[in-house]
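These notes are about the structure you will find just below.
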There are 2 protein chains.
Amino acid sequence: MRGSPWRASRERARDRQVKREAVIRAAAHAFNRKGYHNTSLDDIAAALKVSKPTVYYYVSNKEQLLFECFVAGIEPIRTAFRKARRLKASARERLQAVLGHYGQAVASEFGWCMVRAEDQDLSPAMSTHIKSLKSEIDQGIRRLLREGVQDGSIHPCDPKMTAFALAGALNWIAHWYRENQSMTGAQIAAAFITVFENGLIPRESAETGRRPEGRLAGRVAR
Amino acid sequence: MRGSPWRASRERARDRQVKREAVIRAAAHAFNRKGYHNTSLDDIAAALKVSKPTVYYYVSNKEQLLFECFVAGIEPIRTAFRKARRLKASARERLQAVLGHYGQAVASEFGWCMVRAEDQDLSPAMSTHIKSLKSEIDQGIRRLLREGVQDGSIHPCDPKMTAFALAGALNWIAHWYRENQSMTGAQIAAAFITVFENGLIPRESAETGRRPEGRLAGRVAR
DNA sequence: CATGCATCATACTCACCGGTAGCTATCCTA
DNA sequence: TAGGATAGCTACCGGTGAGTATGATGCATG
């Protein structure tokens, strides 16, 4: 049998990957509850019922642990952008879709790490890496806003400030949302989007605060 | 002279208060730049060109330092609420005023501490104290929103979610704003309020994104 | 001048925590 | 079945930083 050893090796590799991800998740969970600095690697190891060197067997150091959590949190948002780009709809609807996934990501178990990974806690290399990922998201939102203003689906606005406001509101979810909450991440995101789309000033066409139903709301002026 | 010693004593007391505030400000500055956990009391002492025990002469411990910074940051917001309550205007305008001061507070030197004082870094007593202060602000915003929906100056909305969105966007300013920025805190707050008031969906009555009455500073940056 | 309080420094303790050295056990592969 | 990779442990090191013991200096008061 020549295939057998290879298969076994693949299985081991996959096994290792699974365990590694368990370490990442345990770290995210601990960071969520106690914060990065208040979490020791012993804590994480204890949560997994292993010893500290075992944790180091799967990741190289604490910083990388935070980084992995960050990436795990932000990746869904990036894919949301890719999917939205292929969508055939107004820019506001594409933005809607992206923000929905954004909100869910922030409310996920990795939300804390994604939102709170501070430059100050990271090596310069990691810091620039994370900043570039964050900037990619920011630029993506600004771009959708510009496109929306252009195609008339979004009220004229300053894209930079508006993007900051949107991202800020959604990011902040990570500060107050806890798993056992009555609302899911998707529900919160939906509620926020409603708030952002309607605005505080009453609309003449306002029917009890709900957006004029989901998809093609509003005048796609042109 | 019997008054003289008393006066001298008062002067000393005031002197001490001034120095104490300098310590608080230095701490806020350091927390701003490097984060709470990455700032040692030696750092703060060095910034003031004194030694660590001197710092301890003015504050009892590091946690209290953070707490004082928090209070210094949040106090302007509380007074903004008090002033707004005496205002004779629609709820939306009162909310506008409060959010303006809110934004300025977050962009101030104490913004970081106010926004990032984490429960996890604080003793239970401090934590509950801070949480009650934060809750007071939150409830104040919700109240203004409810009043606005009632008096018709605000589009019908879920007060809780809307308050979260508003506070989140403004709080997040502390994450990206740096002193040397081209915009002042007030300008940013004004820009945010414009975004929130108009909403993303275009308005028929919209002339280039300005609100009709626009006593707000309105669109700022290019 | 003597006393006492306010102010601040030197120099330490002590605990925690990130990270490592080095050993052991298991099990796949040759 | 020997050899090597995988996976895990106990025990430790070294640095850091919060907080303190002790004492020096200065200044107002009696």
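Chain identifiers are assigned alphabetically (A, B, ...) following the order of the sequence lines, protein sequences preceding nucleic acid strands; residue numbering begins at 1 within each chain.
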Anything under 3.5 Å between a donor and an acceptor, one on a side chain of residues 47-59 of chain B, the other on a protein residue two or more places apart or in another chain? List them.
unit_1	atom_1	unit_2	atom_2	d
Ser51(B)	OG	Thr54(B)	OG1	3.4
Tyr57(B)	OH	Arg16(B)	NH1	3.2

Can you measure Leu66(B) atom CG to dA18(D) atom C1' for me and round it to whole angstrom units?
15 Å
Protein-nucleotide distance (Arg20(A), atom CZ; dT6(D), atom C1'), rounded to Å
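From Arg20(A) CZ to dT6(D) C1': 16 Å.
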Would you tell me if any nitrogen or oxygen in the side chain of Lys19(A) comes within less than 4.0 Å of OP1 or OP2 on dT6(D)?
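False: Lys19(A) side-chain N/O out of range (4.0 Å or more) of dT6(D) OP1/OP2.
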Between Arg16(A) and dT6(D), does any side-chain N or O lie under 4.0 Å from OP1 or OP2?
no
In terms of side-chain geometry, is the basic nitrogen of Arg142(A) or Asp138(A) positioned less than 4.0 Å from the acidic oxygen of its partner?
yes
Any residue in residues 56-64 of chain A with a heavy atom nearer than 4.0 angstrom to DNA chain D? Just list them by number, or reply none.
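Within this stretch, Tyr57(A), Tyr58(A) sit under 4.0 Å of the strand.
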Heavy atoms within less than 4.0 Å of DNA chain D: which residues of residues 32-53 of chain B have one? Give them sorted by number.
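Thr39(B), Ser40(B), Leu41(B), Lys52(B), Pro53(B), in order of number.
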List the residues meeting side-chain hydrogen bond (donor to acceptor under 3.5 Å, both in side chains) with Ser60(B), not counting sequence neighbours, and say none if there are none.
Gln64(B)
Under the ring pair (Phe, Tyr, Trp, His ring centres under 6.0 Å) rule, what pairs show up with a residue in residues 105-134 of chain B, not counting sequence neighbours?
Phe67(B)-His129(B)
If a pair satisfies ring pair (Phe, Tyr, Trp, His ring centres under 6.0 Å) and one of its residues is in residues 30-54 of chain B, list it, with sequence neighbours excluded.
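Listed once each, the pairs are His37(A)-His37(B), Phe31(B)-Tyr36(B).
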Please list, in numerical order, the residues of residues 114-122 of chain B that have a heavy atom closer than 4.0 Å to any atom of DNA chain C.
none
If you look only at pairs with a residue in residues 21-30 of chain A, which of them pass as a side chain to side chain donor-acceptor pair (under 3.5 Å), with sequence neighbours excluded?
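Qualifying pairs, neighbours excluded: Gln17(A)-Glu21(A).
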Return the set of residues passing side-chain contact (heavy atoms from CB on, under 4.5 Å) with Arg86(A) (not counting sequence neighbours), or none when no residue passes.
Lys83(A)
With sequence neighbours left out, what residues match Ala97(A) under side-chain contact (heavy atoms from CB on, under 4.5 Å)?
none
Residue pairs, two or more places apart or on separate chains, that pass salt bridge (Lys or Arg N to Asp or Glu O under 4.0 Å) and touch residues 57-72 of chain A:
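Listed by first then second residue: Arg20(A)-Glu68(A).
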Can I get a per-line list of side-chain donor-acceptor pairs under 3.5 Å for residues 168-175 of chain A, giving both atom names and the distance, sequence neighbours left out?
unit_1	atom_1	unit_2	atom_2	d
Asn171(A)	OD1	Tyr102(A)	OH	2.8
Asn171(A)	ND2	Ala167(A)	O	3.1
His175(A)	NE2	Arg116(A)	NE	3.2

